[in-house]
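Note sheet for the following structure.
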Protein chains: 2
Amino acid sequence: MAIVHMAKREKRITIYDLAKSLNIAPSSVSKALNNSHAISSKIKKMVEDKAKELNYIHNTNAANLRRGFTRIIGVIVPKINESFFANIIAGIEKVCVQYQYSLIICQTEESLEKEVNAVKTLIRQNVDCILISLSLETQTTAHLEEIKNNHIHFIQFDRVSPAVDSYTVVNDNAAASYQAVKHLAEQGYQKIAYFGGPAHLNLYQERKKGYKNALKDLGLTFNEAFVKDEIISTENGRQEALSLLQADVKPDAFLCTSDYVSLGVLEALKTLNLTSPKDIGIIGFANEMFTQLIQPSLSSVNQFSYEMGEQIAKLYFDEVMKNKENDKVKSVKVKTEIVERSSSSR
Amino acid sequence: MAIVHMAKREKRITIYDLAKSLNIAPSSVSKALNNSHAISSKIKKMVEDKAKELNYIHNTNAANLRRGFTRIIGVIVPKINESFFANIIAGIEKVCVQYQYSLIICQTEESLEKEVNAVKTLIRQNVDCILISLSLETQTTAHLEEIKNNHIHFIQFDRVSPAVDSYTVVNDNAAASYQAVKHLAEQGYQKIAYFGGPAHLNLYQERKKGYKNALKDLGLTFNEAFVKDEIISTENGRQEALSLLQADVKPDAFLCTSDYVSLGVLEALKTLNLTSPKDIGIIGFANEMFTQLIQPSLSSVNQFSYEMGEQIAKLYFDEVMKNKENDKVKSVKVKTEIVERSSSSR
DNA sequence: AACTTATTGGAAATCGATTTCTAAAATATT
DNA sequence: AATATTTTAGAAATCGATTTCCAATAAGTT
């Protein structure tokens with residue numbers, strides 16, 4: 001796409017205009033507006049009044065250049081309009097306005113190339129910090145190291161790469177799926193299948209680990225055929241469930257790492273004339289809105305996405321910002337909760 | 001909340017560093033990097049190589065200050081994590097990256113005060129354009145005029161104020177609700193109630209207008225008691241539906257201006273032992289994900305939110321940006337579509 | 001070869017704030 | 001009253017690019 005160039009905007013009122021009309025120095029105007037203690041309250045009052053009168057608006061751009069930071073935080077997510085990420089962004093925004101920070105949002109649409117470009121854009125924009133959740137494609141991390149090379153603060157969340165040393169905010173994914181399996185077992189399900197996402201993502205490794213550990217601890221047998229990775233859409237879930245449920249040895253429950261996949265399992269049950277929770281137990285991840293509206297309602301792991309957003313932003317303001325060397329990075333775990341609904345209650 | 005000040009970041013490589021290490025002038029470096037025709041390809045090559053070698057990253061801030069524009073577009077929405085707005089933002093982002101523009105996102109949480117602050121922040125940040133959908137509270141528009149006073153391009157979308165002269169992108173709301181009523185009538189519903197939002201919003205005035213016009217054209221009687229404003233949540237919808245359905249003269253269908261309200265109507269039906277579509281027809285607005293998943297599935301007006309986002313951004317790049325005086329503003333209508341599902345099909 | 005015209009690199013001004021340093025004025029101290 | 005100290009305003013440098021203008025060189029023309 002061609003890059004279009006814009007005409008320069010008409011000039012705004014500057015501190016020089018204020019200074020001239022008050023017959024004082026621009027530096028004094030600046031100090032007055034910044035409430036510096038090195039300027040009298042008489043001049044402060046004068047300047048403030050004149051600023052209001054002439055409709056002066058501070059030019060952040062000029063100040064940023066001089067100060068060296070921008071009060072802007074960059075956020076990179078796979079998809080802005082996926083409710084999990086939309087909630088996280090909303091939570092981040094809520095906290096950022098309180099600190100008078102702005103947010104630049106980029107989406108990668110699950111593409112590494114777009115992710116690399118987004119990182120470049122944010123570095124160019126001089127953001128103070130980058131908050132990122134990796135795309136499904138991301139397996140290299142040179143672009144993340146680049147953030148650190150440019151001395152920009154950096155927090156990974158949800159989909160993180162342990163290969164890069166940084167602050168992280170994640171759910172305790174291993175514990176969450178452990179709890180989910182335990183819940184299914186308590187409801188009497190014995191042969192529990194696991195539908196995970198791309199195996200190179202730490203997030204899914206953790207969930208699989210929790211699943212396996214729970215089976216072991218509960219004395220349930222582990223069946224390699226019941227474990228599928230790369231199941232991330234409703235359609236994937238439907239097909240894999242169909243094939244598993246038509247095999248000789250069938251599962252009696254599914255732990256899905258997405259509610260959309262649960263939905264696919266449900267569709268498969270319908271075509272096979274099976275019902276949940278009677279024949280098959282189902283539990284998903286994310287606690288999407290629709291899980292409580294459909295029949296049967298779907299059990300799910302609530303990931304507290306909005307709260308995760310708040311915690312990410314708070315981590316930045318409370319810790320990262322004050323840690324100049326970005327050493328002693330820290331990992332924050334966000335609580336999860338098993339929401340028991342029909343699909344796993346018998 | 002206290003404003004925290006940040007330490008200045010460590011210095012990055014600048015064009016002065018490149019110039020020094022190549023023994024040429026900074027201005028030549030700038031021209032080389034901008035692919036100016038006033039510089040030889042020999043020097044361009046030299047500069048590009050050295051830039052790569054030293055990991056030079058362009059400082060947008062400095063360039064912005066000099067150029068007078070930022071390649072940043074500000075977006076203000078009531079809630080980032082409402083799927084309608086999340087989709088719009090995603091659509092806007094999709095187009096903006098193609099033009100190498102970044103997005104600053106603000107949410108008002110339906111508060112005028114936050115909206116005013118968001119506008120101020122965006123003006124300070126020197127954005128090239130502000131895209132805004134008004135909060136429910138917004139009835140004054142001084143802050144919007146302020147955008148124009150600062151010569152910042154400006155597009156209103158979805159929830160717009162006709163009191164402010166600006167580009168707008170909206171659904172044809174009158175036509176949409178007209179079609180919705182027509183659809184209900186065709187299915188044999190005669191006494192159609194209307195649940196709208198705050199009456200001061202143009203959006204809802206239009207929808208009510210379409211509703212009334214459709215009734216007239218179709219020869220259906222208009223009943224003032226069947227028209228309610230300020231019904232925007234599931235709970236509102238449930239209560240009002242309950243009260244209407246227990247009155248002497250009852251409606252046999254509901255046109256809801258939100259799918260969440262439809263959901264409330266559905267709840268009311270359950271407590272009254274009525275069913276949809278047999279006893280009562282329902283159609284909502286927004287075509288939310290859940291409308292096709294629940295029982296009965298809910299008919300809805302698809303507003304094509306993602307496409308609306310794309311069109312907003314395209315309007316900016318194709319027209320607004322080129323129209324220096326911002327005169328001859330234009331209103332873009334985004335198509336809608338009646339999605340017929342069980343709740344209105346008998 | 002002499003002259004005109006096109007290219008191309010560099011010096012310096014500029015964008016609009018912040019900040020350091022200096023000096024004058026106000027206040028405090030003896 | 002003389003001196004020491006503190007306040008306060010302003011001059012000038014600075015952030016890192018872009019852009020205008022000029023001069024030197026290269027290329028083209030007769």
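Below, chain A is the first sequence line, B the second, and so on; all start at residue 1. From a predicted model like this one, the values you see are computed outputs, not experimental measurements.
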Donor-acceptor contacts, no H, no angles, side chain residues 49-57 of chain A, under 3.5 Å, sequence neighbours left out:
from	atom 1	to	atom 2	distance (Å)
A/Asp49	OD1	A/Lys45	NZ	3.2
A/Asp49	OD2	A/Lys45	NZ	2.7
A/Lys50	NZ	A/Glu53	OE1	3.4

Query raised in the report: Can you name the residues that form a salt bridge (Lys or Arg N to Asp or Glu O under 4.0 Å) with B/Glu310, not counting sequence neighbours?
Result: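 For B/Glu310 the salt bridge (Lys or Arg N to Asp or Glu O under 4.0 Å) partners, ignoring immediate neighbours, are B/Lys94.
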
**Report entry** Quiz item: B/Arg67 side-chain donor-acceptor pair to D/dT18 base, under 3.5 Å
**Finding:**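 A donor-acceptor contact between them is absent.
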
Query raised in the report: Tell me, which pairs form a salt bridge (Lys or Arg N to Asp or Glu O under 4.0 Å) where one or both residues lie in residues 98-118 of chain A, sequence neighbours left out?
Result: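 Matches after skipping sequence neighbours: A/Glu109-A/Lys114, A/Glu110-A/Arg159.
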
Report task. Could you note down all residue pairs passing salt bridge (Lys or Arg N to Asp or Glu O under 4.0 Å) where residues 20-34 of chain B supplies at least one of them, sequence neighbours left out? Result ->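 As it turns out, there is no salt bridge (Lys or Arg N to Asp or Glu O under 4.0 Å) pair with a partner in residues 20-34 of chain B once direct neighbours are skipped.
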
Query raised in the report: Which of these nucleotides, D/dA17, C/dT18, C/dA17, is closest to any side-chain atom of A/Tyr56?
Result: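 Nearest listed nucleotide: C/dA17.
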
Query raised in the report: Of A/Leu131, A/Ile104, A/Val95, A/Val127, which is the lone residue that meets side-chain contact (heavy atoms from CB on, under 4.5 Å) with A/Ile73?
Result: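 Between A/Ile73 and the candidates, side-chain contact (heavy atoms from CB on, under 4.5 Å) is satisfied uniquely by A/Leu131.
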
Checking all strands, does [X] fall into the base, sugar-phosphate, or nothing category for heavy-atom contacts under 4.0 angstrom?
X       : result
A/Asn34 : sugar-phosphate
B/Ser30 : base
B/Asn64 : nothing

Query raised in the report: For the helix from C/dA1-D/dT30 to C/dT30-D/dA1, what is the angle between the axes at its two ends, each from 5 pairs, rounded to 10°?
Result: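 It comes to 30° between the two terminal axes.
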
**Report entry** More than 12 heavy atoms of other groups within 6.0 Å of A/Lys120 NZ
**Finding:**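 No - once you tally the heavy atoms of other residues, nucleotides and ligands closer than 6.0 Å, there are 12 at most.
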
Every protein N/O lying under 3.5 Å from an N/O of nucleotides 6-10 of chain C:
from	atom 1	to	atom 2	distance (Å)
C/dG9	OP1	B/Ser40	OG	2.7
C/dG9	OP2	B/Ser40	N	2.5
C/dG9	OP2	B/Ser40	OG	3.3
C/dG10	OP2	B/Ala25	N	3.1
C/dG10	OP2	B/Ser28	OG	2.7
C/dG10	N7	B/Lys31	NZ	3.4
C/dG10	O6	B/Lys31	NZ	2.5

Query raised in the report: Between B/Pro26 and A/Ile13, which has a closest nucleotide on DNA chain C that is more 5'?
Result: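 Going by which nucleotide is closer to the 5' end, it is B/Pro26.
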
